[in-house]
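Beneath this line is the structure, given in structure tokens, with notes to follow.
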Amino acid sequence: GEDVEQSLFLSVREGDSSVINCTYTDSSSTYLYWYKQEPGAGLQLLTYIFSNMDMKQDQRLTVLLNKKDKHLSLRIADTQTGDSAIYFCAENLYGGSQGNLIFGKGTKLSVKP
Amino acid sequence: GAGVSQTPSNKVTEKGKYVELRCDPISGHTALYWYRQSLGQGPEFLIYFQGTGAADDSGLPNDRFFAVRPEGSVSTLKIQRTERGDSAVYLCASSLQAGGNTGELFFGEGSRLTVL
């Protein structure tokens, strides 16, 4: 079956790096995503990675994909208090614009000043 | 507006009542999705439209839930005989239908439904 798992909480100090981990079960996933949800707001796409890539870097964000272990991680460098939010990992089983995304339960990131 | 718009933002109803939730996608986006997010959970897929037709409704939990998109733009999610377990935030998202699309979804802020 399809399942995406994440740890529920992460607490870091401002300026440190944050690493949020995710495991997924379906090896046929074509794209994997990280979405951010701030209180009272909709989900916002942070970054994504195609399944034939190992790493993707976008400013302070680094995504690592280990397809063999079905493990995805999001590293946020120089974490700021504004990064405090819930981060969702999601997989797209079908590719393209057919967005039947399977989401994890989310990791709540708390950044202490 | 530029983003996905959902109304109402909050809806409180009594058990057994009928509810409609509306979604206005980003102009030009042909694909539209409904998700449900319960407290402490990630979004759960309900239904996906490509144009006017429901391409995949496998996530609808039972026949009390129905969604339409008659003109290929605005969509309405309809819930009959609401139950307390239907309480959740209902999220709408849209995306472009184009070759090479990464499948990025643009989400609205959601409609919070509370069934008393």
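A, B, ... follow the sequence lines: proteins, then strands. Residue 1 opens every chain.
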Close approach to chain A in residues 77-87 of chain B, criterion heavy atom under 4.5 Å =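 Against chain A, none of the residues of residues 77-87 of chain B fall inside the cut-off of heavy atoms under 4.5 Å.
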
If contact means a heavy atom pair closer than 4.5 Å, which residues of residues 108-116 of chain B contact chain A?
->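 Within residues 108-116 of chain B, the residues that come under 4.5 Å of chain A (heavy atoms only) are Gly108(B), Glu109(B).
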
Neighbour count >12 (heavy atoms, 6.0 Å) for atom [atom1], [X]:
X        : atom1 : answer
Phe9(A)  : CZ    : no
Lys11(B) : NZ    : no
Lys36(A) : NZ    : yes

Between Phe45(B) and Phe103(A), does the ring centroid distance fall short of 6.0 Å?
->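 When the ring centroids of Phe45(B) and Phe103(A) are compared, they turn out to be at least 6.0 Å apart.
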
Chain B heavy atoms under 4.5 Å from Gln6(A): which part of the residue, side chain, backbone, both or neither?
->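 No part of it gets close to chain B.
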
Return the minimal non-hydrogen interatomic distance between Gln37(B) and Phe88(A), and the atom names on each side.
->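 In this case the closest contact between Gln37(B) and Phe88(A) is NE2-CZ, 3.3 Å.
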
When only pairs under 4.5 Å are counted, which of Ala90(A), Gly42(A), Cys89(A), Ala41(A) shares the most heavy-atom pairs with chain B?
->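 Winner by heavy-atom pair count: Gly42(A).
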
Given the rule that I, L, V, M, F, W and Y join up when any side-chain heavy atoms are under 4.5 Å apart, are [X] and [Y] in one cluster?
X         : Y        : answer
Phe65(B)  : Val74(B) : no
Leu91(B)  : Leu46(A) : yes
Ile102(A) : Tyr90(B) : no
Leu74(A)  : Val12(A) : yes
Val4(A)   : Leu46(B) : no

Within residues 58-68 of chain A, residues adjacent to chain B where the heavy-atom gap is under 4.5 Å |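 Counting heavy atoms that sit under 4.5 Å from chain B, no residue of residues 58-68 of chain A is involved.
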
Fellow cluster residues of Phe66(B), listed by chain then number, with links counted only when side-chain atoms sit under 4.5 Å apart |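 Taking Ile, Leu, Val, Met, Phe, Trp and Tyr as members, Phe66(B) shares its hydrophobic cluster with Val68(B).
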
Would you say the side chain of Leu105(B) lies within less than 4.5 Å of the side chain of Leu45(A), judging by non-hydrogen atoms?
->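 Sidechains of Leu105(B) and Leu45(A): no contact.
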
Do Phe107(B) and Tyr35(A) have side-chain heavy atoms sitting under 4.5 Å apart?
->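 SC-SC contact between Phe107(B) and Tyr35(A) confirmed.
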
